[in-house]
Amino acid sequence: MKSFRIHLSPIEIVLYCVLAAFSLVTIYVHLWLGLAELAFTVFYIAFSLLNINKRNRNIYSYLRGITSYLDEATRENLTNFPMPITLLNERGEIIWYNELFHQVLHDGNMDEIFGRKVNAINKNISFDQVKKNQSGKYDITFADKRYTVYILSQGEEGKGHFYAVYWMDNHTLHEQIHKFRGDALCMAYILLDSYDEIPENIPAMQKTNFINRVDVRVRQLARMVNGLLQKTEKDKYIIFFERRYLEKLKENKFKILNDIKDIRIEDVLHATLSIGIGIGDGDILKTDDAARSALELALSRGGDQAALTNADKERYEFFGGNSESGNRRKRVKARVVADALRAQIERVEEVYIIGHKFADLDCLGASVGVAKCVSALGKKPHILYNPEENLCQDMLDALMATDYKEILLDASHMTKAMAEDALLVVVDTHDTDYIESARILNFFRKVVVIDHHRRAVEGAITDTVVSFHEPNASSASEMVTELTENIRNCKLNKIEARALLAGIILDTKNFTERTGSRTFEAAAALRKAGADPQEIRGYFKNDMASYRRQMEMITKAEMVSEHIAVAAWDGELFEGIKVIAAKAADELLNVAEINGAFVLYEEDGVVHISGRCDNTYNVQIILEQMGGGGHRAAAGAQVEGTLKEIQAKLVALICQENEEEGESK
């Protein structure tokens, strides 16, 4: 825009020609009067052209003021943006547009709209509403095509402030969807799941540039599968593509999941995507439902991964999910769940709380926290536990010495009559295969689930009245601590705070793994309530015999790859072997060369596996293929078979995963 061409409308050209013609006619009739009229006409035309030129220069100066606040990448986006874009001043007048929008005008045989107000283009656009909200989204028809128009405020008020209008062409999308209806197609729902993590103090231009770069990568993905892309919100996309292109995505292991992480906002965060794909069978509604379910499952497993399923949702496939999930949680969710939980508790007189088999400190701590919420609301709680098979006997003994003796109830004494008109709260699991008693679960019509483990594909508890599922939380105890803070009159005493803090310490390995700011805030609140870390330390100590057993297990370890160790215990079974196997896997990670460790032992024809790893590996992906689950850094499985058979299968899966990981790099 360095040269200033003066563009005249057809009406202005006709007006100037008419004035000149009248002047010439007047000269023929009366010379001096005609010359005076001609001089006035020339002066008027010159004055008008100078004003137009001055206006163009003012606009150019205004645009220079705008672009002076943009970084190089954003300036390039304004001119080379991959979709039509226009800029508006604070009065809603169009002051600039790119070549793609000019092409829209040309293809639609539209008149020049430079300088016109945006609401004059389409009456559905309310610029006053845009100014009020600093943004706007409109579905309009323009130049005989259908567009979704996004209007976003850019820059600071009074300092290069303007509005950017993005024109998303939906016309081809609507035509192609109609064309493909009845054909086998796939739908992919894509979510920029790190969008909500962008700090509020990040400048708008930097945030816009971050999103634009993600847009480019998603568009590249759409081109790779020859698909049709629709951006439905700032952080959400839909891609329609033919099923034959799906194999290409599987072959490269959804490489975009790793490539997108190159996009960063300084050292604050990097981009991550969650993808849900529905594989079509001719019914687009079923395909859409499958894609939504797949995305929901990907998110419930921590995000940063792709999930695939067919229209009947018979089976799921997963790709990615190897990185730490971070702390992608919103406080508002804890408040909403607390309100929903309170409403359910107030409708009943008694609440029963149950955890998973071999309840540990996190399971018991979360149970105690929920029981406190129930008591604070004036209802009667019962914690169901197994006195014979648990991993937290010391904590149970401590609780038995308090008023919790009346709250703790042997699960074997539970009857269906007791469950009538009562509420069941399941903590630290959502899987029917791992709950302390599936029999008890079936007694209840109203069930609440509070869990932090990755969502299981099969066996998940359904038909819940409240579901608080946060795979990015460090522990169930952390989640319940936040709930107690949002329940009125819920003041934890010392023993309750101690139980909750012990649960957090267990699952974070003394705050070294899976921690976020919310984890430490919960711990601080529990410390303030009287929890003493020195007292809790006693719950984690081994006796000498157990420590020797742990060391004996470690001596069985063999390196099955460069950084993965497997220890198969083929000796006699002993009391507490489940806990010691997990501790042995943890201890192996202290060896410099080991990034991942698995410990196995056989009991009654079932092989138990404990897997642990650091942030460079993912044991959950391995053990999930063997019917287990858990977290990226800590997972387990129980597999029928002999120790040698299961060990060989595990080693084969580890080697296969290493080969695939090497190919994808």
Report the C-alpha distance between D614 and T616 in whole Å, list the side-chain angles of each, state the deciding distance to 0.1 Å, and finish with yes or no for side-chain hydrogen bond (donor to acceptor under 3.5 Å, both in side chains).
CA-CA 6 Å; D614 60 20; T616 64; 2.6 Å; yes
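- Across every non-hydrogen atom of E624 and F318, the tightest pair is OE1-CD1, 4.2 Å.
- The minimum heavy-atom distance between G641 and V607, with the atom names listed, is O-CG2, 3.5 Å.
- Residues Y617 and I594 form no side-chain contact, since every pair of their non-hydrogen atoms from C-beta on lies 4.5 Å or further apart.
- The two atoms that bring L623 and G611 nearest to each other are CD1-N, 4.0 Å, heavy atoms only.
- Note: I279 CD1 to T309 OG1 = 7.0 Å, rounded to the nearest 0.5 Å.
- Side chain of Q625 to main chain of I621: a donor-acceptor pair is present (N/O by atom type, distance under 3.5 Å, no hydrogens or angles).
- Counting heavy atoms from C-beta on, the side chains of V348 and E350 never come closer than 4.5 Å.
- Considering only heavy atoms from C-beta on, V480 stays 4.5 Å or farther from F468 through its side chain.
- Looking at heavy atoms from C-beta onward, V368 lies out of side-chain contact with I407 at the 4.5 angstrom threshold.
- The distance from atom CD1 of I554 to atom CG of N590, rounded to the nearest 0.5 Å, is 8.5 Å.
- Between the side chains of T429 and D431, not a single donor N or O lies within less than 3.5 Å of an accepting N or O.
- When all heavy atoms of P381 and A371 are compared, the pair lying nearest together is CG-O, 3.7 Å.
- In the model, S477 has a side-chain atom that pairs as donor or acceptor with a side-chain atom of D362 under 3.5 Å.
- Atom NE2 of H608 is separated from atom CD1 of I646 by 11.5 Å, given to the nearest 0.5 angstrom.
- Note: M479 CE to I504 CD1 = 11.5 Å, rounded to the nearest 0.5 Å.
- The distance from the OH atom of Y434 to the CD atom of Q638 is 5.5 Å, given to the nearest 0.5 Å.
- Of all the heavy atoms in D304 and L257, the pair that sits closest is OD1-O, 4.1 Å.
- In this structure, N595 and E562 have side chains that are not in contact, with every pair of non-hydrogen atoms separated by 4.5 Å or more.
- The minimum heavy-atom distance linking Q647 with A568 is given by the pair OE1-CB, 3.5 Å.
- Contact annotation: the side chain of E558 never approaches that of V566 to less than 4.5 Å [non-hydrogen atoms, C-beta and beyond].
- The distance from atom CZ of F241 to atom CG of L246, rounded to the nearest 0.5 Å, is 5.0 Å.
- A side-chain donor from one of D410 and S412 sits under 3.5 Å from a side-chain acceptor of the other.
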